[in-house]
Amino acid sequence: MRTLVLSALFASAALAATLPDPSPSEIDGIIAKFAAKEADFAKARGNYTYRQTCMIDELDDSGTVHGRYEIVSDIVFTPEGKRTEHVTRAPMSTLEHILLTPQDEQDLRDVQPFVLTTAELPNYYIRYLGREQLDEISTYSFAVKPKKLEPGKRYFEGVVWVDDKDLQIVKTYGRGIGQLKRNEDNQFPKFETYREQIDGKYWFPTYTIANDTLNFKDSSQRIRETVKYQDYKQFKSDITIKYGDEDKPKDKDPEKKDKDKPQQ
């Protein structure tokens, strides 16, 4: 069985390697299309509730945990329809050598579940790297780097993998970066974020993992971070995201539409 699995993986990788790379103009089109879908994805995810579990461990050289930060939050809506975060579990932190900064919290919220929308494209250099097979998904990979660091903003720097059929980001690998104040000694881990298809259409982030050593000026600290995004449920039913040539949903009551028209 193991041999068959490995053979299938090697065959998939070989197939990805033999597929032709898109032309420069096709690459520009791919970037434009997946950025547009990222904008749709961001709008759609804004109408979902989910549970977010974050855990950050301080590790020694042997990998033993010596300190932990943990928080479990439900991203929900109030009865008035306002999106809010409800913390359901937050034991006292036992971290001793690192401290979560506002930049860390911003990375957890915005950078690790990275979204590269059409509006964000002008802020980044994007370079095509090639085709790559991720399990059963054939992808295009792109290097992403911010053009300029604006004060107070956080950015993603790394690689994104885009499904070559759905043209949606399915994985990111990199780190959060930003402009630091003079003598500010903040270090940020490299991370991987994986997405899964939700409701048969949207590729939402479901898992982030970081296992890195933060090299500060006076010391180094190995950390492990995991973030899980679970139990996605759509809150609003009046939002329709249209991809490609999908047909718009028909009016459920066309007679009512005619009745609502003003009489001549």
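Numbers for residues simply follow the sequence, beginning at 1.
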### Query
Is Asp185 salt-bridged to Lys217, going by a charged N under 4.0 Å from an acidic O?
no
### Query
Any Lys/Arg nitrogen of Glu184 or Arg182 sitting under 4.0 Å from an Asp/Glu carboxylate oxygen of the other?
no
### Task
For Tyr124, enumerate each residue passing the ring-ring contact (aromatic ring centres under 6.0 Å, His included) test, keeping only those at least two apart in sequence or located in another chain.
Phe114
### Query
For Tyr125, is the NZ or CZ atom of Lys145 found under 6.0 angstrom from the centre of its six-membered ring and inside 45 degrees of the ring axis?
no
### Task
Ignoring hydrogens and angles, state whether a donor on the side chain of Tyr194 or Glu196 is under 3.5 Å from an acceptor on the partner side chain.
no
### Task
Give a yes or no on whether a salt bridge exists between Arg195 and Glu38, defined as a side-chain N under 4.0 angstrom from a carboxylate O.
yes
### Message
When you compare the side chain of Gln230 with that of Gln52, does any pair of heavy atoms fall below 4.5 Å?
### Response
no
### Asp104 and Thr101: side chain donor to acceptor below 3.5 Å
yes
### Message
Do Arg154 and Phe188 form a cation-pi contact, if we require the NZ or CZ to be under 6.0 Å from the six-membered ring centre and within 45 degrees of the ring's axis?
### Response
yes
#### Entry: Asp74/Arg51 ion pair, N-O < 4.0 Å
yes
### Message
Do Asp164 and Thr139 pair up side chain to side chain, a donor and an acceptor below 3.5 Å, judged on atom types alone?
### Response
no
### Message
Do Trp203 and Asp163 pair up side chain to side chain, a donor and an acceptor below 3.5 Å, judged on atom types alone?
### Response
no
### Message
Under 6.0 Å from the ring centre and within 45 degrees of the ring axis: does the NZ or CZ of Arg45 meet both conditions for the six-membered ring of Tyr50?
### Response
yes
### Message
Could you report the tightest heavy-atom contact between Thr49 and Phe77, atom names first, then the distance?
### Response
CG2-CD1, 3.6 Å
### Task
Report the relative orientation of the aromatic rings in Tyr48 and Tyr232; use parallel for angles under 30°, tilted for 30 to 60°, perpendicular for over 60°.
perpendicular
### Query
Got Tyr207 and Val227 here, is their nearest side-chain heavy-atom distance under 4.5 Å?
no
### Expected output: side-chain Glu58 to main-chain Ile98 donor-acceptor under 3.5 Å
yes
### Task
Give the minimum heavy-atom separation between Val72 and Glu70, together with the two atoms involved.
CG2-OE2, 4.3 Å
### Query
Between Phe34 and Tyr140, does a ring-ring contact (aromatic ring centres under 6.0 Å, His included) hold up when you go through it step by step?
CA-CA 11 Å; Phe34 84 67; Tyr140 303 113; 9.2 Å; no
### Query
Would you say the side-chain atoms of Thr193 pair up with the backbone N or O of Gln112, donor to acceptor, closer than 3.5 Å?
yes
#### Entry: Side-chain ion pair, Arg175 and Glu157, N-O less than 4.0 Å
no
